[in-house]
Amino acid sequence: MNRLVLLRCGLFGAASYKEIAVLLGCLGARTLALKANASLYSDRIVVVLSGCAAANGRRYGESDVILSDGYPRSVEADADCELLLISPRRIQELCRNACFAHRAALKGLVRLSMESEPIPVS
């Protein structure tokens with residue numbers, strides 16, 4: 001996984017790479033390679049690790065976070081990309097270790113959700 005992409009990602013706040021790596025294990029995060037023009041239907045929080053993808057009528061590049069609004073949505077690869085999938089529930093539940101990185105991710109999730117544009121309802 002690209003260390004710089006994770007450090008730039010707003011979801012993890014000021015956590016170090018080592019803290020992020022521990023957190024990803026705690027959250028059961030997994031990576032997925034998606035070929036160009038392929039799509040994924042998911043209710044997970046998606047971090048674009050490489051390439052670019054589109055969702056919610058918007059394009060996302062490296063270190064961008066595609067938030068889950070609680071409902072599954074389609075994420076489409078504009079080019080070959082690698083995605084990190086994280087369960088929103090696992091972030092919202094504090095781990096038994098109550099690690100710094102988990103608290104930082106929870107704060108990052110709240111901040112990102114407040115900054116994100118509302119999704120138009122059609």
Side-chain angles (χ1 to χ4, degrees):
M1 232 176 286
N2 187 325
R3 188 178 277 220
L4 292 176
V5 170
L6 291 174
L7 290 171
R8 283 194 313 252
C9 179
L11 182 61
F12 303 116
S16 70
Y17 180 75
K18 184 176 179 181
E19 291 167 329
I20 293 170
V22 169
L23 173 66
L24 294 178
C26 174
L27 296 176
R30 63 183 184 94
T31 59
L32 175 71
L34 207 57
K35 294 285 186 190
N37 301 315
S39 62
L40 163 74
Y41 197 66
S42 177
D43 63 348
R44 305 285 173 156
I45 294 171
V46 178
V47 178
V48 180
L49 298 175
S50 67
C52 58
N56 308 327
R58 183 173 161 209
R59 292 187 65 169
Y60 295 87
E62 280 187 0
S63 75
D64 285 341
V65 179
I66 304 170
L67 293 176
S68 169
D69 57 2
Y71 300 99
R73 45 111 176 65
S74 179
V75 177
E76 298 164 3
D78 288 343
D80 289 356
C81 61
E82 183 180 18
L83 307 173
L84 179 67
L85 307 175
I86 303 170
S87 167
R89 285 190 195 120
R90 296 284 298 263
I91 289 181
Q92 294 167 356
E93 299 168 358
L94 287 179
C95 65
R96 59 180 150 77
N97 299 330
C99 58
F100 167 78
H102 201 136
R103 291 191 307 270
L106 186 56
K107 287 179 185 177
L109 177 62
V110 170
R111 188 184 78 258
L112 287 171
S113 63
M114 292 176 71
E115 292 173 356
S116 69
E117 299 175 21
I119 300 169
V121 177
S122 42

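Side chains included, hydrogens not; waters and symmetry mates left out as well; all remaining heavy atoms used.
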Just checking R89: does its CZ atom have more than 12 heavy atoms from other residues, nucleotides or ligands closer to it than 6.0 angstrom?
no
With rounding to the nearest 0.5 angstrom, report the SG to CD1 distance, C26 to I20.
13.5 Å
Is there a side-chain contact between Y60 and L83, using heavy atoms and a 4.5 Å cut-off?
no
Could you report the tightest heavy-atom contact between S39 and L34, atom names first, then the distance?
O-CD1, 4.2 Å
Only one of V47, V75, L40, T31 forms a side chain to side chain contact (heavy atoms under 4.5 Å, CB included) with L85, so which one is it?
L40
When rounded to the nearest 0.5 angstrom, what is the spacing between CG in L32 and CG in L84?
10.0 Å
Validation row: L11, I86 side chains within 4.5 angstrom (heavy atoms):
yes
Same cluster or not: L6 versus L27, using hydrophobic residues (I, L, V, M, F, W, Y) connected whenever any side-chain heavy atoms lie under 4.5 Å apart?
yes
Expected output: side-chain R44 to main-chain P72 donor-acceptor under 3.5 Å
no
Applying a strict under-4.5 Å side-chain criterion to I, L, V, M, F, W and Y, I'd like to know whether L7 and L112 cluster together.
yes
Work out which heavy atom in R73 is nearest to a heavy atom in A55; give both atom names and the distance.
CD-CB, 4.4 Å
For K35, does its backbone N or O pair with a side-chain atom of D80 as donor and acceptor, under 3.5 Å?
no
How many angstroms lie between atom OG of S16 and atom CG of L23, to the nearest 0.5 angstrom?
10.5 Å
Spatial distance of atom SG (C81) from atom CG (L49) [nearest 0.5 Å]
9.0 Å
With distance as the sole test, does R59 use its side chain to make a donor-acceptor pair with the main-chain N or O of A53 at under 3.5 Å?
no
Going from CG on L24 to CZ on R30, what distance comes out if it is rounded to the nearest 0.5 angstrom?
13.5 Å
Taking I45 as the starting point, is it possible to reach V5 by hopping between hydrophobic residues whose side chains are less than 4.5 Å apart?
yes
For R90 and G28, work out which heavy atoms get closest and say how close.
NH2-N, 3.9 Å
